[in-house]
4 protein chains.
Amino acid sequence: MKAVRSSSHSGDRSGSRPAARRPKAPSASRRGKPENSSAAATSKSERSRDLILHSAAQLFRRQGFSATTLRQIAAKTKIKAGSIYYHFDSKEQILDEVLDRGLRHVFETVKNSVERAGKVSHRRKIGLAIEAHLVALLETSDFTSANIRIYGQLPEQLKKPHRPLRRAYAEYWDQLFIDARRAGEIRADMEVVPLRMFVIGALNWTIEWFRLENRDAVLELARRTETLIFEGVNKP
Amino acid sequence: MKAVRSSSHSGDRSGSRPAARRPKAPSASRRGKPENSSAAATSKSERSRDLILHSAAQLFRRQGFSATTLRQIAAKTKIKAGSIYYHFDSKEQILDEVLDRGLRHVFETVKNSVERAGKVSHRRKIGLAIEAHLVALLETSDFTSANIRIYGQLPEQLKKPHRPLRRAYAEYWDQLFIDARRAGEIRADMEVVPLRMFVIGALNWTIEWFRLENRDAVLELARRTETLIFEGVNKP
Amino acid sequence: MKAVRSSSHSGDRSGSRPAARRPKAPSASRRGKPENSSAAATSKSERSRDLILHSAAQLFRRQGFSATTLRQIAAKTKIKAGSIYYHFDSKEQILDEVLDRGLRHVFETVKNSVERAGKVSHRRKIGLAIEAHLVALLETSDFTSANIRIYGQLPEQLKKPHRPLRRAYAEYWDQLFIDARRAGEIRADMEVVPLRMFVIGALNWTIEWFRLENRDAVLELARRTETLIFEGVNKP
Amino acid sequence: MKAVRSSSHSGDRSGSRPAARRPKAPSASRRGKPENSSAAATSKSERSRDLILHSAAQLFRRQGFSATTLRQIAAKTKIKAGSIYYHFDSKEQILDEVLDRGLRHVFETVKNSVERAGKVSHRRKIGLAIEAHLVALLETSDFTSANIRIYGQLPEQLKKPHRPLRRAYAEYWDQLFIDARRAGEIRADMEVVPLRMFVIGALNWTIEWFRLENRDAVLELARRTETLIFEGVNKP
DNA sequence: CATGAATGAGTCTTCATTCAT
DNA sequence: CATGAATGAAGACTCATTCAT
């Protein structure tokens with residue numbers, strides 16, 4: 001009940017190329033695994049690939065896609081720029097994989113968190129989703145934060161392959177809200193899509209300002225956010 | 001009680017340069033004027049400058065700063081890339097001015113809206129601020145939306161000159177919340193900074209998804225957002 | 001009765017590109033003019049374009065397409081490599097134009113030479129064609145020699161746009177032979193296609209060894225070749 | 001009376017290098033053997049070497065030297081690019097050997113064919129030479145066709161080591177013509193060098209268009225060519 | 001004011017080559 | 001013998017910038 005199906009596009013665009021070398025596609029052993037799995041990346045190649053992706057994610061997150069150069073990625077990975085092409089076909093392919101991992105990571109984190117909770121109130125579920133989303137975004141994954149931060153500014157053609165998964169994630173949240181509303185835990189007159197936008201927006205914007213200081217900071221932020229969303233700022 | 005002081009930095013960095021032909025600095029007549037003033041842009045030069053800035057703002061907003069080329073800006077302005085240098089010293093200078101105008105625009109819009117209201121409840125004031133912020137962001141100013149969208153990914157050195165004004169704007173909101181809390185319209189245990197982040201985050205994130213369709217769409221969105229913030233999603 | 005229709009493809013492949021600048025397409029004033037027209041190339045841009053093409057043709061001819069770098073072309077033209085892109089979209093576009101000019105040049109030279117002769121024997125016509133082809137190839141046009149020399153090694157996709165014109169040229173020769181055979185000046189059992197290949201082959205191969213020394217060398221070579229083709233090496 | 005002395009240069013340029021593992025020079029057992037001998041290629045190493053050379057020859061022939069990458073050669077040979085360096089010091093060394101084999105192959109083929117004929121007319125000898133040259137070029141050897149096709153575009157320094165053998169081959173043809181002329185089978189006023197160029201040119205150019213379809217096609221072509229050369233196109 | 005033409009630094013990418021395993 | 005992984009030099013191409021006209 002865990003792995004989010006990869007948007008299965010990743011790397012497809014390179015289909016026409018001669019595809020000389022080997023790696024270039026996410027190794028079977030990694031596909032679908034949680035991105036920050038501490039389970040040792042096996043081959044040397046896989047380790048390098050991973051390091052490159054991590055470097056890229058951090059840089060994309062900070063500077064955006066187009067402001068990030070392959071030389072920067074290489075430098076951070078302590079290899080030379082040309083070497084990147086042993087592992088990837090193009091800068092775009094790196095982007096694709098960063099985006100994909102990032103979204104799959106939040107999605108899985110949120111899903112697992114909610115499902116693990118079992119029978120709890122809808123508010124609790126939404127609270128857990130908020131917390132999981134924030135944890136993924138702010139604590140555990142550069143991929144997720146990179147995705148959230150840069151996606152909006154990418155050219156259409158780069159966004160396209162990631163739409164299905166994005167939509168799926170949005171629908172997952174919508175369902176949480178729909179269920180809660182049906183159960184009467186959310187006002188009946190509340191429309192789901194703007195609500196989801198509002199919530200996700202408030203969560204996502206945290207990348208712009210939140211600086212992780214201690215383990216509990218994110219949890220604290222999550223709690224606060226949940227309260228705000230459910231109760232607003234009004235006097236009770 | 002209108003004009004927000006420009007962050008006074010704009011163009012300063014070019015101080016050492018030989019000071020080419022003429023303009024290069026916002027013309028006296030424009031300084032401090034509301035950005036969308038339809039009041040006669042006077043000289044031809046000023047009109048071109050303005051058109052360039054508008055083109056730049058739109059492109060920055062859509063693609064980010066580094067993905068936007070001067071030639072794109074020129075093309076959208078229907079001039080040639082070289083001509084931009086009659087009006088600006090560098091791409092950075094354009095950025096500076098776009099950012100500055102953008103922030104001043106929201107700031108003024110919000111301030112004016114609140115002040116014009118006169119004696120009203122704090123909730124009403126905050127509601128007006130929300131509305132004004134959204135209007136500036138989604139309806140009236142490409143500068144504002146450009147600013148909001150790209151600021152976070154800019155290198156330190158480009159952000160720096162804009163910090164004072166950003167801080168001022170943040171403090172303005174903080175004050176709104178502090179006043180409301182003091183007046184008991186907001187729960188006493190609510191900390192102001194995270195609250196502001198939450199609210200501004202929810203508002204700013206709308207650029208990522210909101211598509212302006214009709215005049216009232218933004219107002220409707222603003223109302224909805226105000227309700228959410230004050231009352232939350234709970235059953236009343 | 002002169003200009004050979006350009007294969008009209010030239011530059012078409014760049015159709016999808018944003019096409020920012022201007023020149024990039026052969027200027028109207030040059031299209032269809034004989035390549036070595038001494039009629040002054042007018043604008044500065046046109047002159048540069050032309051110089052680049054000439055440099056490219058010479059280098060392509062000597063080293064082949066892929067062994068020739070833009071830097072070499074630039075150096076020979078005494079400009080910087082980046083400047084080439086003011087005039088051309090890509091190395092391929094340069095190639096296209098070199099090939100096109102080259103073939104149009106021989107074609108026109110041959111056609112004009114034959115037509116100008118008026119009512120003469122078929123053998124004379126073929127003799128003139130041989131001479132004209134050799135002159136174009138060895139004396140007047142780097143474009144023609146470049147074309148002949150590199151065409152065969154180009155990847156399919158680069159050859160494609162030039163096929164129609166090549167075919168037309170081949171058919172022109174075929175017609176010369178067909179007419180001569182019908183008139184009884186060529187043995188009736190002689191098949192035209194292999195004959196054309198034989199003749200054109202013998203002519204084209206001269207690039208591999210012939211070094212132009214004096215004005216008459218080519219004419220002398222042409223005469224010799226004509227004799228060989230018509231009479232063979234046999235004792236008369 | 002068969003083997004054409006290799007131009008003995010092959011690999012010499014690598015003289016200064018540290019002399020890696022082992023082979024790198026054509027194994028003793030192969031030196032001087034006819035290139036397509038099916039007589040057991042012995043060691044595994046030797047077989048690989050050979051496969052690499054064949055792949056290279058085909059690619060050089062089709063695309064030229066500089067457009068052919070080591071990875072393409074490796075792919076065609078079904079090994080990895082790095083492995084090539086066990087057998088060769090550099091791409092240039094491969095080229096050298098391809099060129100050398102190619103020329104030795106035609107040379108031997110022609111020589112053998114002529115010598116085997118014994119006492120025959122000079123025209124017959126030349127006819128056999130034509131046939132043998134075409135067979136080598138179009139049917140039996142990628143090395144020969146690669147040589148003929150790419151030699152002219154190589155940089156001086158790469159051509160140099162192959163000149164002696166080329167000259168020898170040219171002289172062999174010259175001798176055939178001289179003998180024929182002395183015997184009165186060729187017109188006395190016919191100069192030998194341009195004649196050889198004409199003939200070899202017509203033969204060599206066939207690579208540009210001839211597509212081998214059936215066993216006899218080459219022989220048919222050879223016959224036609226011989227007739228043309230001796231009798232020309234005139235009515236008899 | 002604006003453009004045409006050019007420049008040079010830097011971008012992504014390719015490729016021959018190396019070398020430890 | 002062969003490969004996997006990497007390197008560095010170079011290639012095509014882009015782009016902010018300059019400046020004479």
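Below, chains carry the letters A, B, ... as their sequence lines are ordered, and counting in each starts from 1. Not measured: the values here are computed from a predicted model.
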Does [N] have OP1 or OP2 sitting under 4.0 Å from an N or O in the side chain of [X]?
| X | N | value |
| --- | --- | --- |
| C/S45 | E/dA5 | yes |
| A/S83 | F/dT7 | yes |
| D/S48 | F/dA2 | yes |
| A/H87 | F/dG4 | no |
| A/K80 | F/dA6 | no |

Quick one: [X] [atom1] to [N] [atom2], roughly how many Å, whole number?
| X | N | atom1 | atom2 | value |
| --- | --- | --- | --- | --- |
| A/L70 | E/dT14 | CG | C1' | 13 Å |
| B/Y86 | F/dT18 | OH | C1' | 16 Å |
| B/K91 | F/dT14 | NZ | P | 15 Å |
| C/L95 | F/dA12 | CG | P | 13 Å |
| D/R71 | E/dT17 | CZ | P | 12 Å |
| B/I84 | E/dA2 | CD1 | C1' | 12 Å |
| D/Y85 | F/dA2 | OH | C1' | 15 Å |
| B/R49 | E/dA2 | CZ | P | 12 Å |

Do the non-hydrogen side-chain atoms of [X] and [Y] ever get within less than 4.5 Å of each other?
| X | Y | answer |
| --- | --- | --- |
| B/K76 | B/L51 | no |
| C/I84 | C/I94 | yes |
| C/V98 | C/R61 | no |
| B/D96 | B/P161 | yes |

Q.
As a check on the pairing definition, encode DNA chain F in dot-bracket form, counting Watson-Crick and G-U wobble pairs whose two distances are under 3.5 Å, and using | for partners outside this strand.
A. .||||||||||||||||||||
Q: Quick one: list whatever passes side-chain hydrogen bond (donor to acceptor under 3.5 Å, both in side chains) with A/Q72, sequence neighbours left out.
A: none
Q. Taking the nucleotide of DNA chain F with the closest heavy atom to each, which residue, D/K78 or C/F65, is nearer the 5' end?
A. D/K78
(Q) So if I apply the side chain to side chain contact (heavy atoms under 4.5 Å, CB included) rule between B/D89 and each of B/H87, B/Q93, B/K91, which one comes out positive? (A) B/Q93
(Q) Tell me which pairs pass ring-ring contact (aromatic ring centres under 6.0 Å, His included) where either residue lies in residues 63-82 of chain A, with sequence neighbours left out. (A) A/F60-A/F65
Q: Please tell me which of B/A81 and D/T69 maps to the more 5' nucleotide of DNA chain E, matching each residue to the nucleotide holding its nearest heavy atom.
A: B/A81
Q. Under 4.0 angstrom, heavy atoms only, what part of the nucleic acid is A/T68 near: base, sugar-phosphate, or nothing?
A. sugar-phosphate
Q: Just call it for C/I79: base, sugar-phosphate, or nothing, with non-hydrogen atoms closer than 4.0 Å on any strand.
A: sugar-phosphate
